[in-house]
Amino acid sequence: MSTSQSSAVPLVPADVRELLTSRIHDVPDYPKPGVMFKDITPLLADAKAFAVLTDVLADLAERHRATKIVGLEARGFILGAPAAVRAGVGFVPVRKSGKLPGATLSQAYDLEYGSAQIEVHSAGFTEGDRVLVIDDVLATGGTAEASVQLIRRTGAEVAGVAILLELGFLEGRKRLERALAGAPLDVLVTV
């Protein structure tokens, strides 16, 4: 459901949400005991489910009038790039620090125990770009929040954030919605 809008209309029909959810598998005790990992690789391996997901994300890009899609390392690349092609817009990767050649802008953010940094090519956006951020999972919200800050620092506008799967119990939504400052947060599946 589109969660930043007050409408009760679901973002995706129930059958689409059911298809996507059925292809996300639980992996207990990964990467450490007590963690239930949500594995999206079965969804990616299913051509129909992956195509449906790509269509939904491309539709969001069009609905939010995005001119670029940002994919967050690494699974955001897998989801964002085909959506960008389908929507007819450019794709810009946001990477972990030190992974991009040439001139970059970076943004540090706090983790539960420590900090991290992401980067984007400084020439990845032009004035007037509207950027939709795509990622697979919203957990604590740190990476997505940092990407929103980074995009704004380039002079581009954040058109919204689209997430395949939200881990609601980690409350990353609160952190991200503050950073979005009214831009839409679209979540396809929440657990």
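Below, each value reflects all heavy atoms present in this structure, side chains not excepted, and no hydrogens, waters or symmetry copies.
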Chemist: With side-chain contact (heavy atoms from CB on, under 4.5 Å) as the test, would you mind laying out the steps for R75 and L164 before giving the verdict?
Modeler: CA-CA 10 Å; R75 289 179 297 262; L164 168 58; over 6 Å; no
Chemist: Would you name the heavy atoms of L176 and E145 that are closest together and state the gap between them?
Modeler: CD1-N, 3.8 Å
Chemist: Does the D29 side chain pair with the main chain of G34, one donor and one acceptor, at a distance under 3.5 Å?
Modeler: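 Here the side-chain-to-backbone pair exists.
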Chemist: Taking the side chain as everything from C-beta on, heavy atoms only, tell me whether I118 gets closer than 4.5 Å to Q107.
Modeler: yes
Chemist: Spell out, yes or no, whether V35 and F169 are grouped together once hydrophobic residues are joined by side-chain heavy atoms under 4.5 Å, including indirect joins.
Modeler: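 In one cluster with V35: F169, no.
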Chemist: Please report the shortest heavy-atom distance between V133 and S147, naming the atom on each side.
Modeler: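 Closest approach of V133 to S147: CG1-OG, 3.7 Å.
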Chemist: Return the CD to CD1 distance between E157 and I151, rounded to the nearest 0.5 Å.
Modeler: 11.0 Å
Chemist: Taking all heavy atoms of V92 and all of G124, pick out the closest pair and write down the distance.
Modeler: CG2-O, 3.5 Å
Chemist: Just so I know, are the side chains of L11 and L60 near enough to count as touching, which here means a heavy-atom distance under 4.5 Å?
Modeler: yes
Chemist: Could you pull out the closest heavy-atom pair between R130 and A159, with the gap in Å?
Modeler: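 Looking at all heavy atoms of both residues, the closest pair is NH2-CB, 3.6 Å.
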Chemist: Any side-chain heavy-atom pair from D110 and S115 closer than 4.5 angstrom?
Modeler: yes
Chemist: Verify, without hydrogens or angle tests, whether S122 (side chain) and A103 (backbone) share a donor-acceptor contact under 3.5 angstrom.
Modeler: yes
Chemist: Could you list the cluster mates of Y30? Members are the ILVMFWY residues connected by side-chain heavy atoms closer than 4.5 Å, either directly or through other members.
Modeler: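 Members besides Y30, by chain and number: V27, F37.
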Chemist: Between E18 and P13, is there a side-chain heavy-atom distance shorter than 4.5 Å?
Modeler: no
Chemist: State, to 0.1 Å, how close V120 and P93 come at their nearest heavy-atom pair, and which atoms those are.
Modeler: CG2-O, 3.9 Å
Chemist: Within the 4.5 Å heavy-atom criterion, are L79 and F50 side-chain neighbours or not?
Modeler: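 In short, these two side chains touch, coming nearer than 4.5 Å.
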Chemist: Any Lys/Arg nitrogen of R95 or E119 sitting under 4.0 Å from an Asp/Glu carboxylate oxygen of the other?
Modeler: no
Chemist: Can L100 be reached from V131 by stepping across I, L, V, M, F, W or Y side chains whose heavy atoms are under 4.5 Å apart?
Modeler: no
Chemist: Got a second to check how far D186's CG is from L132's CG, nearest 0.5 Å?
Modeler: 7.5 Å
Chemist: Could you check if a side-chain atom of L138 sits within less than 4.5 angstrom of a side-chain atom of L170, using non-hydrogen atoms only?
Modeler: no
Chemist: Answer yes or no: is there a side-chain heavy-atom contact under 4.5 Å between D129 and T126?
Modeler: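 A side-chain contact exists here, since the closest heavy-atom pair is under 4.5 Å.
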Chemist: What are the two closest heavy atoms between H64 and P184, and how far apart are they?
Modeler: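 Shortest heavy-atom contact: CE1-CG, 3.4 Å.
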Chemist: Only one of T67, L105, V70 forms a side chain to side chain contact (heavy atoms under 4.5 Å, CB included) with F125, so which one is it?
Modeler: V70
Chemist: What distance separates I163 CD1 from D136 CG, expressed to the nearest 0.5 Å?
Modeler: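 The CD1 atom of I163 sits 7.5 Å away from the CG atom of D136.
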Chemist: Can you tell me if Q117 has over 12 outside heavy atoms packed within less than 6.0 Å of its CD?
Modeler: yes
Chemist: With a 4.5 Å limit on heavy-atom distance, are the side chains of L188 and L53 in contact?
Modeler: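 In short, these two side chains touch, coming nearer than 4.5 Å.
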Chemist: Hey, what do you get for CD (E127) to OG1 (T154), rounding to the nearest 0.5 Å?
Modeler: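 Going from the CD atom of E127 to the OG1 atom of T154 covers 10.5 Å.
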Chemist: For the hydrophobic clusters of this structure (ILVMFWY residues joined by side-chain heavy atoms under 4.5 Å, transitively), does one cluster hold both I24 and V191?
Modeler: yes
Chemist: So, taking the atom named CD1 in I134 and the one named CZ in F91, what distance separates them when rounded to the nearest 0.5 Å?
Modeler: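 Reported value, rounded in 0.5 Å steps: 8.0 Å.
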Chemist: Nearest 0.5 Å please: distance from the CD atom of E73 over to the OG atom of S97.
Modeler: 10.5 Å
